[in-house]
Student: 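Starting off with a structure, shown below.
In the text below, chain A, chain B and the rest are named by the order of the sequence lines, each starting its count at 1. If you're wondering where the values come from, they're calculated on a predicted model, not measured in any experiment.
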Number of protein chains: 2
Amino acid sequence: MVVDKATADEIDRLFHGLADATRRDVLSRVLRRAQSVTELAREYDMSFAAVQKHVAVLERAGLVGKQRHGRERLVSGNPDGLRRAARLLDEYERIWRHRALAIEDILAEDEDKEDA
Amino acid sequence: MVVDKATADEIDRLFHGLADATRRDVLSRVLRRAQSVTELAREYDMSFAAVQKHVAVLERAGLVGKQRHGRERLVSGNPDGLRRAARLLDEYERIWRHRALAIEDILAEDEDKEDA
DNA sequence: CTTATCTACAACCACATGGTTGTACGTTAG
DNA sequence: CTAACGTACAACCATGTGGTTGTAGATAAG
């Protein structure tokens, strides 16, 4: 918490980026191979502009990046964004595990009392 | 992908649940200790009903559960939900790593050709 | 140069979201 | 029993989101 100076908004954007099936699909595609927006748009039953917006959301979330390549913009996956999300989830799991350990300690204490 | 029969909507709800600072804070609190909605509501600068809605979102996401305890409803964290989210992120990372390995293979091939 | 392609962006619409207040109901405390 | 508490839920409002179409700017192709 102290180390991670990510603002709440950044984290909001990160998870919001992942909270849509189309965006997750785009992400998995560009993780495999960088693709132009037009190329991506062909895959979905929606307008080019809609796909463009989804890519923009992923970009703001730090999950993908764009490199211009001639007249097209190649969208590529950014594994750092994923790792950031994964580490955040790890923190919550750590909280849980810490609590689980604390409970074990309490149970152990009870056993000690029983022994006494 | 074949094994995970989670619908896209479920995953949407999962990440949407995590995409709000208040909800993440509620989650971290109830992971440490189950609390009533009123108790939680005291911590935030918003109405009881608003907190109630956030809890409902977390509940639909499978991140928390409620146990009735007298006249209050105790909200407690559900680590399974977290683990599900973490595993999903792992899948994306696996895609990336697979691609990274593929690139290494290609580079190795190039080296073979150089040797030839 | 002209044309076609890829992209960006604005305007618009329907609907979801996050917030509010108010009301009603079950349960505990006096 | 009555009063207070914890919760649930409906109605409402402002704003955000996901979609559309249309227009305009760069860049590549002929």
Student: Measuring from the side chain of B:K53 (C-beta onward, heavy atoms only), which nucleotide among D:dT17, C:dG19, C:dC9 has the closest atom?
Tutor: C:dG19
Student: Mind calculating the distance between CG (B:L58) and P (C:dG18) to the nearest angstrom?
Tutor: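 Whole-Å distance recorded here is 10 Å.
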Student: Whole angstroms only, please: what is the NE2-P distance between A:H54 and C:dA8?
Tutor: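 Spelled out: NE2 on A:H54 to P on C:dA8 is 16 Å.
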Student: What is the distance, to the nearest angstrom, from the CD atom on B:E59 to the C1' atom on D:dT7?
Tutor: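 It works out to 13 Å between those atoms.
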Student: Given C:dT7, is OP1 or OP2 found less than 4.0 Å from the side-chain N or O atoms of A:R71?
Tutor: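 Result: no.
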Student: So, does B:Q52 get its side chain near the phosphate of D:dT7, meaning an N or O under 4.0 Å from OP1 or OP2?
Tutor: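 So the side-chain polar atoms of B:Q52 never come under 4.0 Å of the phosphate oxygens OP1 or OP2 of D:dT7.
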Student: Grab the CG-P distance between B:L40 and D:dA8 for me, whole Å please.
Tutor: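 These atoms are roughly 12 Å apart.
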Student: Name the residue closer to the 5' end of DNA chain D, choosing between A:H69 and A:D20 according to the nucleotide with the nearest heavy atom.
Tutor: A:D20
Student: So, OP1 or OP2 of D:dA8: does either fall under 4.0 Å of a side-chain N or O from B:K66?
Tutor: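 For D:dA8, OP1/OP2 do have a side-chain N/O of B:K66 under 4.0 Å.
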Student: Is a salt bridge present between A:D20 and A:R24, judged by a nitrogen-to-oxygen distance below 4.0 Å?
Tutor: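 Answer for the salt bridge query: no.
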Student: Please determine if a side-chain N or O atom of A:R73 lies less than 4.0 Å away from the OP1 or OP2 oxygen of C:dA8.
Tutor: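 Yes.
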Student: Starting from P on D:dC5, measure out to CG on B:L74 and report it in whole angstrom.
Tutor: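 In whole Å, D:dC5 P and B:L74 CG are 18 Å from each other.
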Student: Are side-chain heavy atoms of A:L40 and A:V30 found at a separation under 4.5 Å?
Tutor: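 When only atoms from C-beta onward are counted, A:V30 and A:L40 do touch, with a gap below 4.5 Å.
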Student: With a 4.0 Å limit, can you tell me whether B:S47 has a side-chain N or O closer than that to the phosphate oxygens OP1/OP2 of C:dT20?
Tutor: yes
Student: C:dT17 P sits how many Å from B:D12 CG, rounded?
Tutor: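 Those two atoms, CG and P, are 10 Å apart.
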Student: Before you tell me yes or no, could you show the steps for B:L31 and B:L82 under side chain to side chain contact (heavy atoms under 4.5 Å, CB included), namely the whole-Å CA-CA distance, both residues' side-chain angles and the distance that decides it to 0.1 Å?
Tutor: CA-CA 11 Å; B:L31 279 172; B:L82 282 174; 3.7 Å; yes
Student: Expressed in angstrom and rounded to an integer, what is the separation of A:R42 atom CZ from C:dT5 atom P?
Tutor: 11 Å
Student: Are A:R23 and D:dG18 close enough that a side-chain N or O sits under 4.0 Å from OP1 or OP2?
Tutor: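 A:R23 to D:dG18 OP1/OP2: side-chain N or O found under 4.0 Å.
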Student: Choosing from D:dT7, D:dG18, C:dC9, which nucleotide comes nearest the side chain of A:A49?
Tutor: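 Among D:dT7, D:dG18, C:dC9, the one nearest the side chain of A:A49 is C:dC9.
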Student: Touch check for A:S36, heavy atoms < 4.0 angstrom, all strands: base, sugar-phosphate only, or nothing?
Tutor: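 Result for A:S36 = sugar-phosphate.
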Student: Test side-chain hydrogen bond (donor to acceptor under 3.5 Å, both in side chains) on B:E72 and B:T38; report intermediate values, then the result.
Tutor: CA-CA 8 Å; B:E72 24 183 65; B:T38 308; over 6 Å; no
Student: Could you work out which one of D:dT7, C:dA8, D:dT17 sits closest to the side chain of A:H16?
Tutor: D:dT17
Student: Quick one: is D:dT27 close enough that its OP1 or OP2 comes under 4.0 Å of any side-chain N or O from A:R68?
Tutor: yes
Student: Give the rounded distance in Å between these two atoms: CD of A:E72 and C1' of C:dT5.
Tutor: 9 Å
Student: Closer than 4.0 angstrom, basic N to acidic O: yes or no for B:R87 and B:D90?
Tutor: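 No, B:R87 and B:D90 are not salt-bridged.
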